[in-house]
Amino acid sequence: MIKLICVVKRNRSLSVEEFHDHWRGRHARLISETPGVADRIVRYEQNHRSAEDYKRGGDFDGVAIQWFDSMDDFVAMVVDPEYQAHVAPDERELLDLDGLVWILTDEEEVVIPGPEERDEPVIKLVCMVKRRPGMAIDDFHHHWRTVHSPLNCDTPSIARYFVRYERNHRAKADYARPGASDFDGAAVEWYPSVRAFYDMIGEPAYGELIAPDEDRF
């Protein structure tokens, strides 16, 4: 299984509201109903940027995540005539294609699984991660797996804030893609609320343990 994780930016001809309506409605229907597309995607999710988060600034509007059985299936979908005839034109209308950031990752590695069912709403942090300049690719992934993730899990005052936490490591084959971005993966973290996230990064242990380790890798 591989995943496409794409940070999306709206076409500047669209307002924020128009973009989210179009993405939820027309574009989602095209993905789910177009032959050659729907039958190759194992799972498709849209993560719409919260209205509250727009107050921070920045020009991204959400994250699309798609699962495929293989990288070959992803490539076959993109070149499929049905995709080119129906989905690609809608992407040009919906998105700032030059502003997209995307990578292909291996299947997610779940660090904190969270409950099977959740009755309360949650918010998600989707963070594209990039290794420290000069750090080897393998060293980065090893540190993320064996040092940084355990720090989050094994520090009680930090771990208590997570509803779920997963790592998405960039697939080795994707590093060779011409014109690819220089990100190395994506962390996806669920919290009970925006306030909970900010409370977590305000914990003394975050400043003493987590943040310094982020600087290391």
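FYI, side chains are in, hydrogens and waters are out, and symmetry mates aren't considered; it's all heavy atoms of this structure.
Every residue meeting the ring-ring contact (aromatic ring centres under 6.0 Å, His included) condition with F140, not counting sequence neighbours, appears here in chain and number order: W144, F217. With sequence neighbours left out, E45 forms a salt bridge (charged side-chain N to carboxylate O under 4.0 Å, His left out) with R43, K124.
When all heavy atoms of G36 and R40 are compared, the pair lying nearest together is O-NH1, 2.8 Å. The heavy-atom pair separating S32 from A38 by the smallest distance is O-CB, 3.3 Å. In this structure, I123 and S193 approach most closely via the heavy-atom pair CG1-C, 3.5 Å. Across all non-hydrogen atoms, the minimal contact from D184 to I103 is C-CD1, 4.5 Å. Taking every heavy atom of both residues into account, V129 and A186 meet most closely at CG2-N, 3.9 Å.
You'll find the side chain of R177 reaches within 4.5 Å of the side chain of W102, heavy atoms only. The side-chain heavy atoms of Y165 and P113, taken from C-beta on, include no pair separated by under 4.5 Å. Inter-residue side-chain proximity for L104 and R170 is flagged as unmet; no heavy-atom pair is nearer than 4.5 Å. A heavy-atom distance below 4.5 Å is found between the side chains of D61 and Y54. With a 4.5 Å cut-off on side-chain heavy atoms, E203 and I210 do not count as touching. Proximity of V122 to P192: side-chain heavy atoms (C-beta onward) are nowhere separated by under 4.5 Å. Side-chain contact between K9 and D59 is present, with heavy atoms from C-beta onward closer than 4.5 Å. Annotation: side chain of M1 is in contact with side chain of V42 (closest heavy-atom distance under 4.5 Å).
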* side-chain contact (heavy atoms from CB on, under 4.5 Å) between H143 and H148: does it pass, once the steps are laid out? -> CA-CA 6 Å; H143 188 104; H148 191 70; 4.3 Å; yes
* **Steps toward side-chain contact (heavy atoms from CB on, under 4.5 Å) verdict (E91, H27)** => CA-CA 8 Å; E91 289 176 339; H27 194 72; 3.5 Å; yes
* Asked: Can you list the steps and then say if L94 with R10 is a side-chain contact (heavy atoms from CB on, under 4.5 Å)?
  -> CA-CA 6 Å; L94 177 66; R10 70 186 183 278; over 6 Å; no
* To do: Please step through side-chain contact (heavy atoms from CB on, under 4.5 Å) for the pair D106 and N168, ending with a clear verdict.
  => CA-CA 6 Å; D106 295 322; N168 296 271; over 6 Å; no
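Between the side chain of R26 and the backbone N or O of H22 there is no donor-acceptor pair closer than 3.5 Å. Of the possible donor and acceptor atoms, one in the side chain of D96 sits under 3.5 Å from a partner among the backbone N and O of G99. Listed for the R49 side chain is a donor-acceptor partner under 3.5 Å among the backbone atoms of F60. A donor-acceptor contact shorter than 3.5 Å links the side chain of S70 to the backbone of D73. The backbone N or O of N152 lies less than 3.5 Å from no partner atom in the side chain of T155, so there is not a single donor-acceptor pair. When atom types are taken as modelled, the side chain of E18 and the backbone of S15 share a donor-acceptor pair closer than 3.5 angstrom. Side-chain atoms of R164 never come within 3.5 Å of backbone atoms of G114 as a donor-acceptor pair (strictly under, hydrogens ignored). Between the side chain of D90 and the backbone N or O of V87, no donor-acceptor pair lies under 3.5 Å. Proximity of a side-chain donor or acceptor of N47 to a complementary backbone N or O of V63 within less than 3.5 Å is detected.
Residue M71 is grouped with residue L4 when hydrophobic side chains (ILVMFWY) are merged at heavy-atom distances under 4.5 angstrom, including chains of intermediate members. There is no path of hydrophobic side-chain contacts, each under 4.5 Å, that joins I5 to Y44. Linking Ile, Leu, Val, Met, Phe, Trp and Tyr whenever their side-chain heavy atoms come within less than 4.5 Å leaves I2 and W67 in two separate clusters. Linking ILVMFWY side-chain heavy atoms closer than 4.5 Å, directly or via other members, places V188 and I112 in two distinct hydrophobic clusters. Following chains of ILVMFWY side-chain contacts shorter than 4.5 Å, one can reach V75 starting from F68, so the two form part of one hydrophobic cluster.
Aromatic rings from F162 and Y191 are positioned such that their centres are separated by under 6.0 Å.
Considering E107, Q66, E108 as possible partners of K3, the one that fulfils the side chain to side chain donor-acceptor pair (under 3.5 Å) test is E108.
Using cut-offs of 30° and 60° on the angle between ring planes, the pair Y175 and H141 is perpendicular. Below 30°, between 30° and 60°, or above 60°: for H20 and W23 the angle between ring planes is between 30° and 60°, a tilted geometry.
Between the SG atom in C6 and the CE atom in M128 there is a gap of 8.0 Å [rounded to 0.5 Å].
Salt bridge status for D182 with R131: absent, with no side-chain N to carboxylate O gap under 4.0 Å.
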